[in-house]
Amino acid sequence: MLFHGPAVCFLWLLLFLLDLLLFNPTTIILHSANLLIWILVTIGGKASTEFVVKGTHKEVPQELIDELKAICQDNMTLDYDERFYHGKPQNSFHKAVNIPDVVVFPRSEEEVSQIVKSCNKHKVPIVPYGGATSIEGHTLSPNGGVCIDMTLMKRVKALHIRDMDVVVEPGIGWMELNEYLEPYGLFFPLDPGPGATIGGMCATRCSGSLAVRYGTMRDNVISLKVVLANGIIVKTASRARKSAAGYDLTRLMIGSEGTLGVVTEVTLRLQKIPEHSVVAMCNFPTIKDAADVAIDTMLSGIQVSRVELLDEVQVRAVNIANGKNLPEVPTLMFEFIGTEAYSHEQTQIVQRIVSEHNGSDFVFTEDPEAKKELWKIRKEALWACFAMEPNFEAMISDVCVPLSNLAELISRSKQELDASSLVCTVIAHAGDGNFHTVILFDPNEEEHRREAERLNQFMVYTALSMEGTCTGEHGVGTGKMKYLEKELGIEALQTMKRIKTALDPNNIMNPGKLIPPHVCF
């Protein structure tokens, strides 16, 4: 019999106490060592990345398969290749010991409710699935079960132009949505990776390069409809822009990563497409100079819409991938929006700040195609990295700190990254203290995994020491669970576990994600 989570701790503790009673020195040492190892591994002190996520598996009963077939008709599959595809995220090195047993493709909220209700009755785990662009193992199925692919639910249900909001189903992508909104002069301002869907963006509480001006998903969702573990459909709020009515269930669900419910409808806050914009780029001798300019720009009071930082290694990746000849030095990219006069004024103020911090080659453009080409450099940064190491995978850090600590955090991190044998690039949302490191490594090589995890852990612990977080926008999944107790404390995790247990007593909703397995109450 295999023991997992708290059962392991209890077993070793029992053996350790028994040895004390019998005074057996050899086994006292053995069992106390095992207990210590379990604590270190579970809470997050492991030295290498456990990139194959463990889980248990029980056969899905035929009765459930028959029920799913009745609900979904032809929109379900038992095909191995389809199940394997849904069991491996597109941009994540994480894998799981199991894959989903069934994949279903609901077309309506009512179908989602019926699917979840059936799974709960049979106590079979479910994993909601959107664009599969998350990178922390959110959509893995370590316990098998049913994968609910939401991509067929992608309608725009209602657009309220005068209220500047839109009601959508969760399977629509943010890029598709903005194409729909453009003729109305509106847009949805969050811009994570290409391919991300609105439902997945809610689940991970994502943001993107525009968060410095418009906030994160938490700030841009007005209300949700969610299917809970018992199949009940809950509306979390009205369409009013503000409300003080009861608990904030909307914010509870945003960032819950499918562990509390399945999002079936989202009401989003929209923005007017800016009248005018200017995109600027400049270079620096050191990454600290670049970070200091980002901080001073924010302190100046300018309402900048984007401040993105690339280190010299990332610029080299861009050159290799796209055949460009950009100076391979730390680089800042800005976007200024508003009226034409205001955009120009912002550009001049930032140009002056840049000159005070050893900046050079300050260039800007207002041409639409030139602006698109410049931002393409940033949006395709991850794919550019693979041009340097095409056979490797990426571990991507996501630390975020109070803005005043950003320069120190990046500087200390760069010392470790530059000394490493692995290729590492830095990409930062420098206006809100959030930066990513793309660490390229071979997950099949233990030495690579150890070094990648060491670098990632160094940045996380450094960020936490500065009152920061292990994840600014990517979410927890399986990859960041080991850092949560150090960041939030056991009391916060126990509170989360109580909420999870109350809403999902059979633990069918994306089990093994977000809340560390050792947490109990």
Side-chain angles (χ1 to χ4, degrees), residues 135 190-193 206-216 279-299 302 304-318 326-335 350 353-354 357 359 374-385 394-418 423-440 455-456 458-460 462-464 466-474:
I135 58 177
L190 272 69
D191 59 340
C206 80
S207 53
S209 63
L210 287 166
V212 65
R213 183 178 181 94
Y214 297 107
T216 72
V279 172
M281 180 182 281
C282 52
N283 303 324
F284 298 88
T286 71
I287 201 159
K288 185 178 184 304
D289 288 323
D292 282 337
V293 166
I295 295 169
D296 284 358
T297 298
M298 299 308 298
L299 290 173
I302 290 176
V304 63
S305 64
R306 286 183 171 111
V307 189
E308 298 290 295
L309 186 156
L310 312 178
D311 79 340
E312 70 282 0
V313 187
Q314 181 61 56
V315 177
R316 188 181 315 139
V318 169
L326 299 170
E328 294 179 0
V329 292
T331 300
L332 273 182
M333 301 176 69
F334 297 91
E335 183 179 58
V350 171
I353 294 171
V354 167
H357 289 275
L374 279 176
W375 281 119
K376 185 180 176 184
I377 291 172
R378 172 61 187 89
K379 294 307 292 183
E380 297 181 357
L382 174 60
W383 288 270
C385 292
M395 181 183 293
I396 305 176
S397 73
D398 183 36
V399 292
C400 186
V401 292
L403 188 58
S404 61
N405 292 324
L406 179 65
E408 182 184 354
L409 175 61
I410 293 182
S411 298
R412 288 170 61 179
S413 298
K414 274 290 285 179
Q415 291 177 5
E416 292 290 323
L417 299 171
D418 291 346
V423 174
C424 309
T425 76
V426 170
I427 313 164
H429 304 307
D432 53 20
N434 183 201
F435 90 91
H436 310 305
T437 298
V438 178
I439 305 169
L440 298 171
L455 293 171
N456 191 26
F458 173 84
M459 287 180 283
V460 169
T462 304
L464 295 183
M466 297 176 176
E467 299 183 276
T469 178
C470 66
T471 175
E473 60 183 5
H474 292 166

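Just so it is clear, the structure is predicted and the values come from calculations on it, not from any experiment.
Here Ser413 contributes atom OG and Met459 contributes atom CE; the two are 5.5 Å apart, rounded to the nearest 0.5 Å. Atom-to-atom distance recorded for Thr425:OG1 and Leu417:CG is 9.0 Å, nearest 0.5 angstrom. Here the straight-line distance linking atom CG of Leu190 with atom OH of Tyr214 works out to 11.0 Å at 0.5 Å rounding.
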#### Entry: His357 and Asp296: CA distance, side-chain angles, deciding distance, side-chain contact (heavy atoms from CB on, under 4.5 Å) verdict
CA-CA 10 Å; His357 289 275; Asp296 284 358; 2.7 Å; yes
### Query
Does the pair Met333 and Leu374 meet the rule for a side-chain contact (heavy atoms from CB on, under 4.5 Å), with working shown?
CA-CA 9 Å; Met333 301 176 69; Leu374 279 176; 4.2 Å; yes
### Query
Does the side-chain contact (heavy atoms from CB on, under 4.5 Å) test come out yes or no for Arg378 and Ile427, once each step is laid out?
CA-CA 8 Å; Arg378 172 61 187 89; Ile427 313 164; 3.2 Å; yes
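Ala428 approaches Ile410 most closely through the heavy-atom pair CB-CD1, 4.4 Å. Listed here is the closest heavy atom pair of Lys379 and Pro192: NZ-O, 3.2 Å. Counting all heavy atoms, side chain and backbone alike, Leu382 lies closest to Ala394 at CD1-CB, 4.2 Å. The minimum heavy-atom distance between Cys424 and Ile439, with the atom names listed, is SG-CG2, 4.1 Å.
The list of salt bridge (Lys or Arg N to Asp or Glu O under 4.0 Å) pairs with a residue in residues 424-437, not counting sequence neighbours, is empty.
Glu416 meets the side chain to side chain donor-acceptor pair (under 3.5 Å) test with Arg454; sequence neighbours excluded. In this structure, Phe458 has no ring-ring contact (aromatic ring centres under 6.0 Å, His included) partners at least two apart in sequence or on a different chain. Every side chain to side chain contact (heavy atoms under 4.5 Å, CB included) that Ala317 has, sequence neighbours left out, goes to Gln314, Ala384, Met388. For Arg213, the salt bridge (charged side-chain N to carboxylate O under 4.0 Å, His left out) criterion is met by no residue, not counting sequence neighbours. Listed by chain and number, the residues in a ring-ring contact (aromatic ring centres under 6.0 Å, His included) with Phe334 are Phe336 (sequence neighbours excluded). For Asp418, the salt bridge (charged side-chain N to carboxylate O under 4.0 Å, His left out) partners are Lys414, not counting sequence neighbours. Scored by the side chain to side chain donor-acceptor pair (under 3.5 Å) test, Thr469 finds Glu487 as partners (sequence neighbours excluded). Applying the side chain to side chain donor-acceptor pair (under 3.5 Å) test to Ser209 and every residue at least two apart in sequence or in another chain returns Asp191, Arg306.
Val304 has its side chain within reach of Met298: a pair of non-hydrogen atoms, C-beta onward, lies under 4.5 Å apart. Leu440 places a side-chain heavy atom less than 4.5 Å from the side chain of Cys385. Residues Leu310 and Val426 are not in side-chain contact: their nearest non-hydrogen atoms beyond the backbone lie 4.5 Å or more apart.
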Distance-only donor-acceptor hits, side chain of residues 395-408, under 3.5 Å, sequence neighbours excluded:
residue : atom : partner : partner atom : Å
Ser397  : OG   : Thr437  : N            : 2.8
Asp398  : OD1  : Asn434  : ND2          : 3.3
Asp398  : OD1  : His436  : ND1          : 3.3
Asp398  : OD2  : Thr471  : OG1          : 2.6
Asp398  : OD2  : Gly472  : N            : 2.9
Asp398  : OD2  : Glu473  : N            : 2.8
Asp398  : OD2  : His474  : N            : 2.7
Asn405  : ND2  : Met466  : O            : 3.3
Glu408  : OE2  : Arg412  : NH1          : 3.2

Less than 3.5 Å apart, which donor and acceptor atoms pair up between the side chains of residues 279-295 and the rest of the protein, not counting sequence neighbours?
residue : atom : partner : partner atom : Å
Asn283  : OD1  : Thr331  : OG1          : 3.2
Asn283  : ND2  : Asp361  : OD2          : 3.1
Thr286  : OG1  : Asp289  : N            : 3.1
Thr286  : OG1  : Asp289  : OD2          : 2.9
Lys288  : NZ   : Asp292  : OD2          : 2.9

